[in-house]
Amino acid sequence: TLHKILTETAKKSTDDYTDTMKKIQESKSRSVLKEDKTYAEELTKKIKDAESWLSYYYKADAEPDPAKKRTILEEGVNKFENVCGMNRAYALFLGELPDHDQAEKYFRKAFEINPNDFTLHSTYAYYLHFLKHDFDKAELYYFSSLEMNPDDSITNGNYAIWLSDYKKDY
């Protein structure tokens, strides 16, 4: 049955994703029970979700143990080494430890991947402001982030705190 095929295939590594999709497509073309189609769609979504860098980000975010969180983020950054968001998330985590040398390394990598990512500029400004206390450099990245997305409430809020704390500009 379709259920058996999909269950066996899902147990394999995600490298077999293409094979799974072919089997699902073949089974959809046959006369299949509605429950089996629903199961196939749910399994397909789970496989796709498991392949997203965001799944590593959210799993790490929910993990209270810093050592386990680090392991999750390292796995994610190794699997998605060319994804700006994954490098950004790992860099911020490293900055919170604090391991500033490694944090800077992963922020640089994220900027190489996507220098125009406003969230990266905002996150780096946050890191420089709150974690590294490099207030002058933080201001530059607040500006660049706000130039790209002036309505971002998080960046505006953090920049307001920066103005209040550092510039004493109320």
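Ring geometry for Tyr127 against Phe107 counts as tilted: the plane angle lies between 30° and 60°, on a 0 to 90° scale. Ring geometry for Trp162 versus Tyr159: interplanar angle under 30°, hence parallel rather than tilted (30 to 60°). Note on ring orientation: taking the six-membered ring where Trp is involved, the planes of Tyr141 and Tyr124 are perpendicular (angle over 60°, cut-offs 30° and 60°). Ring geometry for Tyr90 versus Phe93: interplanar angle under 30°, hence parallel rather than tilted (30 to 60°).
Rounding to the nearest 0.5 Å places CG of Asp134 at 9.0 Å from CG of Leu140. Interatomic distance, CG of Asp65 versus CD1 of Ile72, reported as 9.0 Å (0.5 Å rounding). If you take CG on Leu54 and CG on Asp61, they are separated by 11.0 Å, rounding to the nearest 0.5 Å. Atom CD1 of Ile113 is separated from atom CG of Leu120 by 9.0 Å, given to the nearest 0.5 angstrom. Distance check: Ser122 OG to Asn149 CG gives 9.0 Å after rounding to the nearest 0.5 Å. With rounding to the nearest 0.5 angstrom, the CG atom of Leu128 is 10.0 Å from the CZ atom of Phe135.
Across all non-hydrogen atoms, the minimal contact from Asn82 to Asn87 is N-ND2, 4.5 Å. When all heavy atoms of Lys109 and Glu81 are compared, the pair lying nearest together is CE-O, 3.0 Å. Contact record, Arg88 with Thr119: CZ-CG2, 3.6 Å, taken as the closest heavy-atom pair. The two atoms that bring Asn156 and Pro150 nearest to each other are ND2-O, 2.9 Å, heavy atoms only.
Side chains of His121 and Thr155 form no contact here, defined as non-hydrogen atoms less than 4.5 Å apart. A 4.5 Å side-chain heavy-atom check between Leu73 and Met86 finds at least one atom pair inside the cut-off. Within the 4.5 Å cutoff, no side-chain heavy atoms of Val77 are placed close to those of Trp53.
Taken together through direct or relayed side-chain contacts under 4.5 Å among Ile, Leu, Val, Met, Phe, Trp and Tyr, Leu146 and Ile161 form part of one hydrophobic cluster. In the hydrophobic cluster analysis, where Ile, Leu, Val, Met, Phe, Trp and Tyr join through side-chain heavy atoms closer than 4.5 angstrom, Phe118 is grouped apart from Leu92. Tyr57 and Leu97 end up in the same hydrophobic cluster when Ile, Leu, Val, Met, Phe, Trp and Tyr side chains are linked at under 4.5 Å. Side-chain heavy atoms closer than 4.5 Å link hydrophobic residues (I, L, V, M, F, W, Y) into clusters, and following such links, even through other members, never connects Leu163 to Ile154.
Between the side chains of His129 and Tyr142, a donor-acceptor pair is found at a separation under 3.5 Å.
Using a distance-only test at 3.5 Å, with no hydrogens or angles considered, no donor-acceptor pair links the side chain of Asn114 to the main chain of Ala110.
Around the NZ atom of Lys59, the shell of radius 6.0 Å holds no more than 12 heavy atoms that belong to other residues, nucleotides or ligands. Counted within 6.0 Å of NZ on Lys105, heavy atoms from surrounding residues, nucleotides or ligands total 12 or fewer; the atom is thus considered open.
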Given Lys132 and Lys137, is the side chain to side chain contact (heavy atoms under 4.5 Å, CB included) satisfied, shown in steps?
CA-CA 10 Å; Lys132 198 169 181 189; Lys137 194 171 178 183; 5.8 Å; no
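By the side-chain hydrogen bond (donor to acceptor under 3.5 Å, both in side chains) test, Lys68 pairs with no residue at all, sequence neighbours left out.
Using a 4.0 Å cut-off between a side-chain N of Lys or Arg and a carboxylate O of Asp or Glu, Glu112 and Arg108 do not qualify as a salt bridge.
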